Amino acid sequence: MHHPRREHFSQSTPVRTFVFVVGTRPEVIKVAPIVRRLREAEWAVVRVVTSGQQSDLLDSTLAEFDLRPDLSIRHRSNCHTPAALASQLLRRLDRYCGQVRPDCVLAQGDTTTAYAASIAAFYRKIAFVHVEAGLRTPSLDAPFPEEFHRRSIAVSTSLHCAPTSAAAQNLVRENIAREKIIVSGNTVIDSLLEVAASKPALPADFPRLRTILLTAHRRENFGEPLRDAFTAIRAFVDLTPDVAVYFPVHPNPNARETAIEILSGHPRIRLVDPLGYRDVVAAIQNAWCVVTDSGGLQEEAPALGKPVLVLRDVTERPEAVASGVVELVGTSRDQVFGALSELNKNSAKYTRMARPVFPYGDGHASKRIVEALYRQFVLPPQMRSAEIIQLHHAS
Ligand SMILES: CC(=O)N[C@@H]1[C@@H](OP(=O)(O)OP(=O)(O)OC[C@H]2O[C@@H](n3ccc(=O)[nH]c3=O)[C@H](O)[C@@H]2O)O[C@H](CO)[C@@H](O)[C@@H]1O
């Protein structure tokens, strides 16, 4: 497919072509506000490619955010391992980049899709822009394989859009030049605040009790860790008659089977299919607390003033933990049960954790990113202001 490039839309301003590559639900939620804003810019031609990484959740999320892909990569053969997906994607993205010849490839986060997109861009000598750059844990294989993806992507990125100052500092520690980093905020807060402002309706089956919104799907929690955490949650609900659980179950069979095994058949535990984004936002707004191993929910719930217990031992999102509204509890039975009981008994603690904080953004991240794209890809080098492409220190 060849898209003719208009070299100039007016006498002076060149038109640049931007290719976004997305493969999973969170990537769509997080790039959609950038795509929408960039499409309004007369200096930008925007293409969206889907990678086929998470085919079951992608189409509905694309539709909800009104993102129509220009290319949907489908896989004939089994692509269930990161290696199989990465190798197939690399070939397909290389071909696409060769045809379209974009000025820039953009991807978000830490998926195999984002990793393959960064390599494809590098081999074609195309600038790569990384959205949600600089998240790190101390261990290369936790989360696996995402931490490896993040670190590898950083090496060839020309513009790093870090959500927070701490993420930017992580990049500086890896010797990334400061001029290549902006602190944009996380675009998930753009999506979240926009949806929250439109007052989404609560899903009809959401319990009318104090409700734990539960999600769990991280690969490193499959098996015993999930089984332990779910057992503790069930025990807590058994002992606390005014508490319910609302659990949109991820389609991954490893997560799904354990959820059904441990949590089904309880009158106050509701296992439901994955929710649309509007439903999730309404569910967070109406939850008593959120228990999760998801990255996105650790960012969203604090902005809506809901306490979060994280079913992981480490997080690449330390900011809300430092604010005291997110607690890392791991997956052991004692810790999960203990953390829920404490939140239930200790109302002063609950109140401290149930206040809106915005460490991940103010809802204007996509505006900052589009401004940075304009500076980097449209303005001549001598006119690029250092104002925006600079490292803001934590206040
Ligand atoms: C290791 C790690 O932390 N990696 C993260 C991972 O994403 P994640 O862990 O956040 O993934 P999920 O939990 O699947 O998605 C979350 C989003 O989905 C919404 N949601 C949830 C349930 C539902 O029923 N319906 C929904 O709409 C929810 O509100 C939220 O916005 O990959 C991203 C991409 O690279 C990275 O950004 C991110 O670092």
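Just so it is clear, the structure is predicted and the values come from calculations on it, not from any experiment. Note that the numbering runs from 1 along the sequence shown for the chain. Every number for a ligand or one of its atoms is a count from 1 in the order of the listing.
When hydrogens are left out, the protein atom nearest atom 28 (C) of ligand 1 is Glu300 OE1, 3.5 Å; that is the closest non-hydrogen contact. In terms of protein heavy-atom proximity, atom 16 (C) of ligand 1 is closest to Ser294 OG, 3.7 Å. Atom 19 (C) of ligand 1 has its closest protein heavy atom at Ile29 CD1, 3.7 Å. At the top of the distance list for atom 36 (C) of ligand 1, counting protein heavy atoms only, stands Glu132 OE1, 3.4 Å. In terms of protein heavy-atom proximity, atom 7 (O) of ligand 1 is nearest to Pro26 CG, 3.4 Å. Considering only non-hydrogen protein atoms, atom 12 (P) of ligand 1 sits nearest to His217 CE1, 3.6 Å. Considering only non-hydrogen protein atoms, atom 8 (P) of ligand 1 sits nearest to Gly295 N, 3.6 Å.
Counting only distance, with no hydrogens or angles, the side chain of Arg234 and the backbone of Ile262 share a donor-acceptor pair below 3.5 Å. With hydrogens and angles disregarded, no donor-acceptor distance shorter than 3.5 Å links the side chain of Thr211 to the backbone of Val245. Remark: the backbone N or O of Ile73 is not paired with any side-chain donor or acceptor of Arg92 at under 3.5 angstrom. When atom types are taken as modelled, the side chain of Arg278 and the backbone of Ala201 share no donor-acceptor pair closer than 3.5 angstrom.
The ligand atoms of ligand 1 that sit less than 4.0 angstrom from a heavy atom of Pro143 are 1 (C). Atom numbering of ligand 1 starts at 1 in the shown order; those under 4.0 Å from a heavy atom of Gly109 are 35 (O). Every atom of ligand 1 is numbered from 1 in the order shown, and the set under 4.0 Å from a heavy atom of Gly296 is 8 (P), 10 (O). Within ligand 1, counting atoms from 1 as listed, the ones closer than 4.0 Å to a heavy atom of Glu27 are 34 (C), 35 (O).
Ligand 1 has an N or O atom lying under 3.5 Å from an N or O atom of Arg25, backbone or side chain. Here's the thing with Ile284: none of its N/O atoms is less than 3.5 angstrom from an N/O atom of ligand 1. Taking only nitrogen or oxygen atoms, main chain and side chain alike, Thr215 does not reach within less than 3.5 Å of ligand 1. Ligand 1 has an N or O atom lying under 3.5 Å from an N or O atom of Arg218, backbone or side chain. An N or O contact shorter than 3.5 Å is missing between Asp293 and ligand 1 by distance.
Between the side chains of Thr315 and Gln298, at least one donor N or O sits under 3.5 Å from an acceptor N or O. Judged by distance alone, the side chains of Ser366 and Asp190 do bring a donor and an acceptor atom under 3.5 Å apart.
Residues Glu224 and Arg227 are paired through a salt bridge, judged by an N-O separation under 4.0 Å between the basic side chain and the carboxylate. Between Arg68 and Asp66 there is a salt bridge, since at least one side-chain N of the basic residue sits less than 4.0 Å from a carboxylate O of the acidic one. The pair Arg150-Glu174 does not count as a salt bridge, with every side-chain nitrogen at least 4.0 angstrom from each carboxylate oxygen. The existence of a salt bridge linking Glu147 and Arg151 is confirmed by a sub-4.0 Å separation between a basic side-chain nitrogen and an acidic carboxylate oxygen. For the pair Arg312 and Asp293, the salt-bridge criterion is not met [side-chain N within less than 4.0 Å of a carboxylate O]. Note on Arg268 versus Asp242: no salt bridge recorded, every NZ/NE/NH1/NH2 to OD/OE distance being 4.0 Å or above.
Of the candidates Thr113, Thr292, Asp110, it is Asp110 that places a heavy atom closest to atom 5 (C) of ligand 1.
Contacts of Arg317 with ligand 1, taken as heavy-atom pairs under 4.0 Å, involve the side chain alone. By the criterion of a heavy-atom distance under 4.0 Å, the side chain of Arg150, and not its backbone, is placed next to ligand 1. In Leu275, the parts holding a heavy atom less than 4.0 Å from any atom of ligand 1 are both the side chain and the backbone. Contacts with ligand 1 closer than 4.0 Å are made by side-chain heavy atoms of Pro248 only, the backbone lying farther away. Counting heavy atoms closer than 4.0 Å to ligand 1, residue Val280 contributes side-chain atoms (C-beta onward) but none from N, CA, C or O. With a 4.0 Å heavy-atom cut-off, ligand 1 is reached by the backbone of Gln108 and by its side chain too.
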Going by atom type alone, with no hydrogens or angles, which donor-acceptor pairs under 3.5 Å involve a side-chain atom of residues 20-35 and a protein atom two or more places apart or on another chain?
{"residue": "Thr24", "atom": "OG1", "partner": "Glu27", "partner atom": "OE1", "Å": "2.6"}
{"residue": "Glu27", "atom": "OE1", "partner": "Gly23", "partner atom": "N", "Å": "3.3"}
{"residue": "Glu27", "atom": "OE1", "partner": "Thr24", "partner atom": "N", "Å": "2.9"}
{"residue": "Glu27", "atom": "OE1", "partner": "Thr111", "partner atom": "OG1", "Å": "3.3"}
{"residue": "Glu27", "atom": "OE2", "partner": "Thr111", "partner atom": "OG1", "Å": "3.1"}
{"residue": "Lys30", "atom": "NZ", "partner": "Glu132", "partner atom": "OE2", "Å": "2.7"}
{"residue": "Lys30", "atom": "NZ", "partner": "Glu299", "partner atom": "OE1", "Å": "3.0"}

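Partner of Phe206 under the ring pair (Phe, Tyr, Trp, His ring centres under 6.0 Å) criterion, out of Phe247, Tyr246, Trp288: Tyr246 alone.
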